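The structure appears right after this line, and notes come after that.
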Amino acid sequence: MTDLHRHLRARLLAAATDLGLAAEVAEPLLRLDPPKNRDHGDVALGTFQLAKAAGKAPPAIATEIAARITSDPIVESATAAGPFVNFRFRRAALAREVLAAIQGDQAPYGKSRGTGEVVCIDFSSPNIAKPFHIGHMRSTVIGNALCRIHRHRGATVHGINHLGDWGMPFAKMMTAYMRWGNEQELHRSPMRYMFDLYKRYGQEVKQNPALDDEAAAHFRALESGADNQERRMWRLLRDESLKAFQGPYARLGVTFDHVTGESFFEDKMEAAMERVTASGVLEDSDGAQVVWLKELGIKEPCLLRKSDGTTLYHTRDLAAAFYREATFRPARILYVVGAEQKLHFDQLKGVLTKMKEPIAAAVEHVPFGLVLSKTEDGKWEKFASRSGNAVFLDEILDESVAKVRTIIREKNPDLPDPDAVAEQIGVSAIVFNDLKNSRIKDVKFDWESMLNFDGETGPYVQFACARLSSILRKAEAQVPAVDAIDCELLADAERVLLTMMDFGTAVQRAAEQSEPSHVTGHVIALAGEIHSYLRDHYVVGQEPKIRDARLVLVDAARRLLTTGLGLLGIPAPERM
Ligand code: ARG
């Protein structure tokens, strides 16, 4: 909430109590949002819930509230429009409050103080013996943004990499390695080598189905807990994979607070199973153990133990939920995992619900769509790289960086340190493209539109930042404090200022809906507004009063864009 909002809310609260509503009833209902149409006002209040609480019709309440919000040094007007009340701030107050808050790094523009809310974010979580799938890139990028967004809002965030380092997929990899692998090649290029082994397993198992029995036997041996060959193999493959992931993670600016893969729950599954048994919901099904969830509208039962006694992906997720509950006490556990695992998370939440475990309420699947690439004949289909159906993230990043490097060579041959800049822009273009639209939509992976410096892209917003930096460099004057400028002179920048003011709402929505695209949308809008403002409002060469006012504006835009991009995990270069 900005000071403008705080001021208006205080007045609204007074108006609401004047209308006979108790303050504690009215307070949470006073939500100020950007209006559908900016011509109507700067912020709007929907009165539906207030009206309900007051036992009146929404338009009547809106009119009564509008009548009570007379103008003051901050609020210029309040107008009722059907069930809404639209407010307009005085232009100088708008400029002063917004710019001072950005300059002072105050929330929501700067990081909020700790709220005590705890959020676990389970993201990336690749199956380490398989290649880093493009879907994991989406999870990595979305999860990273959500971690940053919640931290910005003052939550205590636990970013968790729930590596797939256990279970049958892993056992198959291990089987392939034990049969055909050698350590030298593994060390040379672990991801590719493991992928080749995995592919070979897939081919050979068609001729020789007994391989699956072998894999199952290896998994039993691994799960037995003995310090055997399987255990040593597991450690080796896991360590190598983890090392290999570090490269792309570092390039994407991703870190984890906990790398607790499925294997971490090896010794926690028995207790979890006992808890399920004690709750009375576990049933026997041909020697396997399941929980039926029909009454929750889920047709397929959740399988928690196979008839051979081994555990499953679900068993480990159940143990993980209990572990997180006990260790972190989270209000929310966000599972950033592709939409194809909807049933899995419905079942997980279903089992916890049926067990009457309070943590059930915290479990939230955050699904997302596929990545699509264009075929020769212009159709969009599920992404597949030339190397088969594997996608090595570092290859994609390299390709993007190389393309940007070429563009820089053409556009700005004298740029200092072009390789570092190309890395920043190339990686960001992919990240931005991923976070641009609502996450459930499929992402179109198309170099041309991703790298378009004029489109709604990462490079475009980064370019806006670089342009602002360049103005600040050329101005040959320090950016003054907001108190030292005449805010009336920024009346012509109202669109920029109103967009800035919406930042808090964008971040709040992003956090509440697990939807980083609200932030992406905000940085695109702000970059667009400041670009068009600067088209006919010069900074350099203006008389000092005007120059100073605009310098503050430019500096604030630069700061806010940098913060917004930062929430998406994207750096803002000084030059490009
Ligand atoms: N390793 C899984 C996969 O690659 C994703 C794990 C997601 N997290 C979880 N707690 N299940 O499909």
Side-chain angles (χ1 to χ4, degrees), residues 134 137-138 140-142 144-145 148-149 251-254 368-374 380 383 393 396-412 415 418-439 441-470 496 499 502-503 506 510 515-535 557-558 560-576:
I134 190 92
M137 180 181 85
R138 290 215 69 193
T140 307
V141 164
I142 296 169
N144 184 42
R148 290 164 179 259
I149 288 165
R251 294 177 79 178
L252 291 167
V254 171
F368 50 82
L370 302 171
V371 180
L372 307 178
S373 61
K374 224 185 208 156
W380 291 96
F383 195 99
L393 188 54
I396 298 184
L397 297 179
D398 287 344
E399 194 170 341
S400 186
V401 170
K403 285 180 194 292
V404 171
R405 188 70 187 81
T406 311
I407 300 176
I408 292 179
R409 212 168 281 134
E410 286 162 13
K411 288 198 175 187
N412 192 354
L415 183 74
D419 291 326
V421 177
E423 170 76 19
Q424 282 191 334
I425 300 172
V427 172
S428 305
I430 292 180
V431 172
F432 197 93
N433 185 54
D434 199 310
L435 298 175
K436 194 166 115 180
N437 295 314
S438 156
R439 63 181 148 71
K441 283 203 191 154
D442 294 340
V443 168
K444 289 185 176 159
F445 198 91
D446 173 34
W447 290 117
E448 216 170 296
S449 61
M450 257 185 316
L451 296 177
N452 181 352
F453 279 49
D454 302 316
E456 297 186 343
T457 62
Y460 168 75
V461 179
Q462 288 181 313
F463 184 69
C465 287
R467 181 176 177 207
L468 298 172
S469 296
S470 142
V496 179
T499 306
D502 291 343
F503 180 76
E515 193 62 88
S517 58
H518 289 300
V519 176
T520 322
H522 186 270
V523 296
I524 292 173
L526 182 54
E529 291 298 349
I530 191 76
H531 257 328
S532 40
Y533 178 79
L534 291 172
R535 244 196 304 276
R558 158 89 209 180
L560 198 53
L561 283 175
T562 306
T563 304
L565 286 175
L567 295 182
L568 304 170
I570 296 178
E574 287 286 328
R575 296 167 203 262
M576 66 183 261

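Residues take their numbers from the sequence shown, with the count starting at 1. Everything numeric here is computed off the predicted structure, so don't read it as measured data.
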Stepwise side chain to side chain contact (heavy atoms under 4.5 Å, CB included) test for L526 and F503:
CA-CA 9 Å; L526 182 54; F503 180 76; over 6 Å; no
Rounded distance [0.5 Å steps], CD1 in I530 versus OG1 in T499:
9.5 Å
Could you give me the CA-CA distance, side-chain angles and deciding distance for V141 and I430, then say whether side chain to side chain contact (heavy atoms under 4.5 Å, CB included) is met?
CA-CA 9 Å; V141 164; I430 292 180; over 6 Å; no
Heavy-atom side-chain contact between Q462 and S428 under 4.5 Å:
yes
Search all heavy atoms of L561 against all heavy atoms of A464 and return the closest pair with its distance.
CD1-CB, 4.2 Å
Just to verify, what does T406 make a side-chain hydrogen bond (donor to acceptor under 3.5 Å, both in side chains) with, not counting sequence neighbours?
none
Looking at every non-hydrogen atom in both residues, tell me the closest pair between I570 and F432 and how far apart they are.
CD1-CD1, 3.7 Å
Answer whether the closest heavy-atom distance between the side chains of H522 and L560 falls below 4.5 Å.
yes
Hey, are the side chains of T457 and N433 touching, using non-hydrogen atoms and a 4.5 Å cut-off?
no
Any side-chain heavy-atom pair from N437 and V443 closer than 4.5 angstrom?
no
Steps toward side chain to side chain contact (heavy atoms under 4.5 Å, CB included) verdict (N412, M576)
CA-CA 8 Å; N412 192 354; M576 66 183 261; 6.0 Å; no
Check I149 against A510 and note the closest heavy-atom contact, atom names and distance.
CD1-CB, 3.9 Å
Do D442 and W380 come close enough that some side-chain heavy atom pair is under 4.5 Å?
no
Is the number of heavy atoms from other residues, nucleotides or ligands within 6.0 Å of CZ (F463) greater than 12?
no
Please list, chain by chain and in numerical order, all residues satisfying salt bridge (Lys or Arg N to Asp or Glu O under 4.0 Å) with D446, sequence neighbours excluded.
none
Expected output: side-chain K403 to main-chain W447 donor-acceptor under 3.5 Å:
no
Minimum-distance pair of heavy atoms, taken over all atoms of M450 and A429
O-CB, 3.8 Å
Using the test side-chain hydrogen bond (donor to acceptor under 3.5 Å, both in side chains), find all partners of S400 that sit at least two apart in sequence or belong to another chain.
none
What one should report as the nearest heavy-atom pair of L568 and P516 is CD2-O, 3.9 Å
Min side-chain heavy-atom separation P459-V404 under 4.5 Å
no
With sequence neighbours excluded, tell me which residues meet side-chain hydrogen bond (donor to acceptor under 3.5 Å, both in side chains) with R148.
N144
Heavy-atom pair of closest approach, residues R439 and E515
N-OE2, 2.8 Å
Taking side-chain hydrogen bond (donor to acceptor under 3.5 Å, both in side chains) as the test, write out the residues that go with D398, two or more places apart.
R251
Residues 561-576 vs salt bridge (charged side-chain N to carboxylate O under 4.0 Å, His left out), sequence neighbours excluded, gives R473-E574, R558-E574
